[in-house]
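In listed order, ligands and their atoms are each counted from 1. One is the number of the first residue; the rest follow in order along the sequence.
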Amino acid sequence: MNIIEVRNLVKTFENNSIKTTVLKGISFDMAEGEFVAVMGQSGSGKSTLLYNISGMDQMSSGQVTIDQVDLAGKSDDQLAELRLNMMGFIFQNNYLLKNLSLFDNICLPGFKAKNDSREVVEERAQQLMKRLNIEDVKDSAIHQVSGGQLQRAAICRSLINQPRILFADEPTGSLNSRNAEEVMSIFNQLNREGMSILIVTHDPKIASVTDRIIYLKDGQIEAQLELGKLTESDNPRLREEKTLHWLIQRGF
Ligand SMILES: Nc1ncnc2c1ncn2[C@@H]1O[C@H](COP(=O)(O)OP(=O)(O)OP(=O)(O)O)[C@@H](O)[C@H]1O
Ligand SMILES: [Mg+2]
């Protein structure tokens with residue numbers, strides 16, 4: 001079953017009556033349980049694609065269905081509810097609230113969704129912080145922690161409602177390579193547990209552990225690389241080399 005179906009997605013921005021078409025007819029499917037990377041040069045439309053697929057921004061034309069639900073015709077409230085219950089987000093600039101501790105930031109979408117009791121949400125937040133190795137800064141304010149810790153808190157927050165789809169825009173951008181690898185291994189684990197993941201990354205090594213890479217160029221899908229699920233017997237080096245080779249051919 002497809003968890004995401006995108007057909008002829010077009011996005012045009014208009015500023016001072018100057019129109020810029022950033023997504024020029026994007027079509028692809030994502031199967032439930034798939035782990036997909038979106039790559040492409042800066043400005044190719046990766047973040048815009050994520051915003052439009054998740055209904056956070058309104059596409060100009062085309063069709064997007066999430067778990068068979070057509071986003072067209074949904075009200076802002078309906079879209080917000082769909083996101084809260086089904087999707088997790090890690091933004092390129094993580095929007096954690098300044099006046100809340102890391103822990104409270106992580107719990108917030110859990111309280112908002114009202115699917116679970118306060119205790120259950122708090123317990124889950126605790127577990128996530130442990131898993132991402134930030135439990136020691138649980139009560140810190142966001143200006144008191146490092147960029148990497150902040151990013152890991154943003155990851156915890158995105159997972160608090162146990163989403164079926166995770167959208168992640170450069171989730172390892174502010175992490176050193178050891179932390180980035182750790183985060184990717186957590187993503188791989190979540191994916192094995194059934195979560196569908198769509199991740200934007202500039203890092204070929206990160207992309208090489210996903211199932212498939214979609215390469216965007218000037219708002220269109222230029223090519224896709226099918227890598228298949230990462231298995232125990234896989235040689236990570238070979239996957240990385242294959243990915244790099246393919247990217248170099250694209251002029252990356
Ligand atoms: N609100 C907006 N109004 C006008 N143009 C926009 C808007 N948002 C994005 N753009 C333009 O759309 C293009 C794609 O932007 P987008 O942020 O999707 O790129 P990206 O692939 O995510 O880049 P990066 O790798 O740097 O994050 C850019 O040229 C950008 O200037
Ligand atoms: Mg971007």
Report summary line: atom 16 (P) of ligand 1 sits nearest the protein heavy atom T48 OG1, 3.5 Å
Report task. Could you tell me whether V22 and ligand 1 have an N or O pair separated by under 3.5 Å? Result -> no
Report task. For atom 9 (C) of ligand 1, find the nearest protein heavy atom and state the residue, atom name and distance (0.1 Å precision). Result -> F13 CE1, 3.7 Å
Report task. Answer yes or no on whether R118 is positioned over the face of F111, meaning its NZ or CZ is under 6.0 Å from the six-membered ring centre and within 45° of the axis. Result -> yes
Query raised in the report: Is any side-chain N of the basic residue among K46 and D169 closer than 4.0 Å to the acidic one's carboxylate O?
Result: no
Report task. Report yes or no: do E122 and Q126 form a side-chain donor-acceptor pair below 3.5 Å? Result -> no
Requested in this report: Say whether Q63 and N8, considering side chains only, have a donor N or O and an acceptor N or O under 3.5 Å apart.
Outcome: no
Query - atom 23 (O) of ligand 1: nearest protein contact (heavy atom, Å) - result: G43 N, 2.9 Å
Query raised in the report: Is Q144 atom CD crowded by more than 12 heavy atoms from other residues, nucleotides or ligands, each under 6.0 Å away?
Result: yes
Query - Close approach, G40 and ligand 1, non-hydrogen under 4.0 angstrom - result: no
Requested in this report: Heavy-atom distances under 4.0 Å are what count here, so tell me which part of N15 touches ligand 1: side chain, backbone, both or neither.
Outcome: side chain
Query raised in the report: Just checking, is any N or O donor in the side chain of K112 or N161 under 3.5 Å from an acceptor N or O on the other one?
Result: no
Report summary line: Result for side chain to side chain contact (heavy atoms under 4.5 Å, CB included) between L216 and one of V200, T48, I221 points to I221
Requested in this report: May I ask you to identify the nearest protein heavy atom to atom 25 (O) of ligand 1, giving residue, atom name and distance to one decimal place in Å?
Outcome: K46 NZ, 2.7 Å
Report summary line: The atoms of ligand 1 lying under 4.0 Å from a heavy atom of G45, numbered in the order shown, are 14 (C), 18 (O), 19 (O), 20 (P), 21 (O)
Requested in this report: Could you tell me whether atom 31 (O) of ligand 1 has a protein heavy atom closer than 4.0 Å?
Outcome: no
**Report entry** Derivation of the side chain to side chain contact (heavy atoms under 4.5 Å, CB included) call for M39 and I214
**Finding:** CA-CA 6 Å; M39 298 191 81; I214 294 177; over 6 Å; no
**Report entry** Closer than 4.0 Å: a protein non-hydrogen atom to atom 14 (C) of ligand 1
**Finding:** yes
Query raised in the report: Any non-hydrogen atom of Q41 lying under 4.0 Å from ligand 1?
Result: yes
**Report entry** Residue part near ligand 1, for H202, under 4.0 Å between non-hydrogen atoms
**Finding:** side chain
Query raised in the report: To the nearest 0.1 Å, how far is atom 17 (O) of ligand 1 from its closest protein heavy atom, and which atom is that?
Result: S47 CB, 3.7 Å
Requested in this report: Find out whether the Lys NZ or Arg CZ of K11 is both under 6.0 angstrom from the six-membered ring centre of F13 and within 45° of the ring's axis.
Outcome: yes
Report task. Please identify which atoms of ligand 1 are closer than 4.0 Å to at least one heavy atom of S42. Result -> 23 (O), 24 (P), 25 (O), 26 (O)
Requested in this report: Just need the protein heavy atom nearest to atom 27 (O) of ligand 1, so name the residue and atom and give the distance.
Outcome: Q92 NE2, 2.9 Å
Query raised in the report: Hey, is the Mg ion (ligand 2) within less than 2.8 Å of some N/O/S atom on S47?
Result: yes
Report task. Can you label the angle between the Y95 ring and the F91 ring as parallel, tilted or perpendicular, going by 30° and 60°? Result -> perpendicular
